[in-house]
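To find a chain, count down the sequence lines: A is the first, B the second, and so on, and within it residues start at 1.
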Amino acid sequence: MKLPAEFFDRDVLFVAPELVGKLLVRKTDDGEVVKLRISETEAYRGEEDKACHASKGRTPRTEVMYKYPGSIYIYLIYGMYWMLNIVTEKENVPQAVLIRSAGDYGGPGKLTKALKITKDLNSLNISDCSLLWIEDDGYVPDIAVAPRIGVDYAGEEWALKPWRYIDKRN
DNA sequence: TCTCCGATTCACT
DNA sequence: GTGAATCGGAGAA
């Protein structure tokens with residue numbers, strides 16, 4: 001059921017589309033368990049990807065992306081929204097999948113707000129965490145691809161990569 | 001220290 | 001379609 005760390009020990013371009021349709025499970029501090037089906041993800045791939053935070057190299061902030069596959073990377077954007085990512089590939093290869101929407105929540109900021117996800121989950125491993133994990137219940141999505149959102153600053157070459165994955169069945 | 005700006009969302013015009 | 005909210009990371013000074 002719970003996806004193991006090995007699932008994430010592959011290139012992000014394989015992992016990101018395969019996460020679509022999986023169940024994101026969140027257990028809040030008060031013990032409430034919520035399961036949401038992931039309907040949209042994006043891939044951020046290494047230091048050469050100008051849209052990836054790791055394009056700036058290894059810094060305190062991007063350190064998590066260089067860690068073991070399955071590590072949870074969470075950061076604050078625009079001073080108000082937490083973004084949820086899962087690190088892929090072996091150690092020292094900085095790649096991550098952004099969970100863009102799941103269940104009834106469209107938009108990464110709304111998703112993390114609904115699930116009460118903040119930086120205190122940062123750097124934990126999603127394969128070995130009692131507060132957040134991912135399950136496979138056999139659902140098969142119908143995937144469409146599109147350019148990533150909000151990364152125009154990275155230049156056309158990277159902004160136009162079809163690295164966003166959407167479940168057309170929703 | 002100081003300045004710039006972002007993997008977003010929402011309220012307006 | 002435009003702009004504000006809001007703050008920490010990264011780089012320059």
List the steps and the verdict of side chain to side chain donor-acceptor pair (under 3.5 Å) for A/S55 and A/E47.
CA-CA 4 Å; A/S55 64; A/E47 296 181 346; over 6 Å; no

Intra- and inter-strand pairing of DNA chain B, written as dot-bracket with Watson-Crick and G-U pairs under 3.5 Å and | for the latter, reads ||||||.|||||.

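Looking only at distances, no side-chain donor or acceptor of A/T62 sits under 3.5 Å from a matching main-chain atom of A/M65. One N or O on the side chain of A/N122 and one on the backbone of A/I74 form a donor-acceptor pair closer than 3.5 Å. Distance alone, capped at 3.5 Å, places no donor-acceptor pair between the A/S71 side chain and the A/S123 backbone. Looking at A/Y153, its side chain does come within 3.5 Å of a backbone N or O of A/A51 through a donor-acceptor pair.
With sequence neighbours excluded, the residues satisfying side-chain contact (heavy atoms from CB on, under 4.5 Å) with A/A146 are A/R164, A/I166. Under the rule for a ring-ring contact (aromatic ring centres under 6.0 Å, His included), the partners of A/Y75 that lie at least two apart in sequence or sit in another chain are A/H53, A/Y73. By the ring-ring contact (aromatic ring centres under 6.0 Å, His included) test, A/Y165 is found to be paired with no residue, residues two or more places apart in sequence or in another chain being considered.
Atom CD1 of A/I117 is separated from atom CG of A/L24 by 6.0 Å, given to the nearest 0.5 angstrom.
A/E42 has no carboxylate O lying under 4.0 Å from a charged side-chain N of A/R148, or vice versa, which leaves the two without a salt bridge.
In this structure, A/T59 reaches the C/dA10 phosphate: one of its side-chain N or O atoms is under 4.0 Å from OP1 or OP2.
Protein chain A contacts DNA chain B over a range whose 5' and 3' limits, counting nucleotides with an atom under 4.0 angstrom from a non-hydrogen atom, are B/dG6 to B/dC10.
Across residues 92-105 of chain A, A/L98, A/R100 each have a non-hydrogen atom less than 4.0 Å from an atom of DNA chain B (numbered order). Taking a 4.0 Å limit (strictly below) on heavy-atom distances, residues 107-121 of chain A reaches DNA chain B at A/G107, A/P108, A/G109, A/K110. Contacts between residues 37-53 of chain A and DNA chain B, counted as heavy-atom distances below 4.0 Å, involve A/Y44, A/A51, A/H53. Of the residues in residues 8-25 of chain A, none lies under 4.0 Å from DNA chain B by heavy-atom distance.
Annotation: C/dT6 and B/dC12 have their P atoms spaced 15 Å apart (nearest Å). Separation of the P atoms belonging to C/dA5 and B/dT13 is 15 Å when rounded to the nearest angstrom. If you take atom P in B/dC5 and the same atom in C/dG3, they sit 16 Å apart, rounded to whole Å.
The salt bridge (charged side-chain N to carboxylate O under 4.0 Å, His left out) contacts involving residues 152-163 of chain A comprise nothing, where partners must be two or more places apart or lie in separate chains.
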N/O-N/O pairs, protein side and nucleotides 2-6 of chain C side, under 3.5 Å:
from: C/dT6; atom 1: O2; to: A/Y78; atom 2: O; distance (Å): 2.4

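Contacts of A/R61 with the nucleic acid, taken as non-hydrogen atoms under 4.0 Å apart, involve only primed sugar atoms and P, OP1 or OP2.
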Just distance, no hydrogens or angles: give the donor-acceptor pairs under 3.5 Å from side chains in residues 9-23 of chain A, sequence neighbours left out.
from: A/D9; atom 1: OD1; to: A/K90; atom 2: N; distance (Å): 3.3
from: A/R10; atom 1: NE; to: A/F7; atom 2: O; distance (Å): 3.0
from: A/R10; atom 1: NH1; to: A/E18; atom 2: OE1; distance (Å): 3.4
from: A/R10; atom 1: NH1; to: A/E18; atom 2: OE2; distance (Å): 3.0
from: A/R10; atom 1: NH2; to: A/F7; atom 2: O; distance (Å): 3.1
from: A/R10; atom 1: NH2; to: A/E18; atom 2: OE1; distance (Å): 3.1
from: A/D11; atom 1: OD1; to: A/L13; atom 2: N; distance (Å): 2.8
from: A/D11; atom 1: OD1; to: A/R45; atom 2: NE; distance (Å): 3.1
from: A/D11; atom 1: OD2; to: A/R45; atom 2: NE; distance (Å): 3.2
from: A/D11; atom 1: OD2; to: A/R45; atom 2: NH2; distance (Å): 2.8
from: A/K22; atom 1: NZ; to: A/E18; atom 2: O; distance (Å): 2.9

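No side-chain N or O of A/D128 forms a donor-acceptor pair with one of A/Y68 less than 3.5 Å apart.
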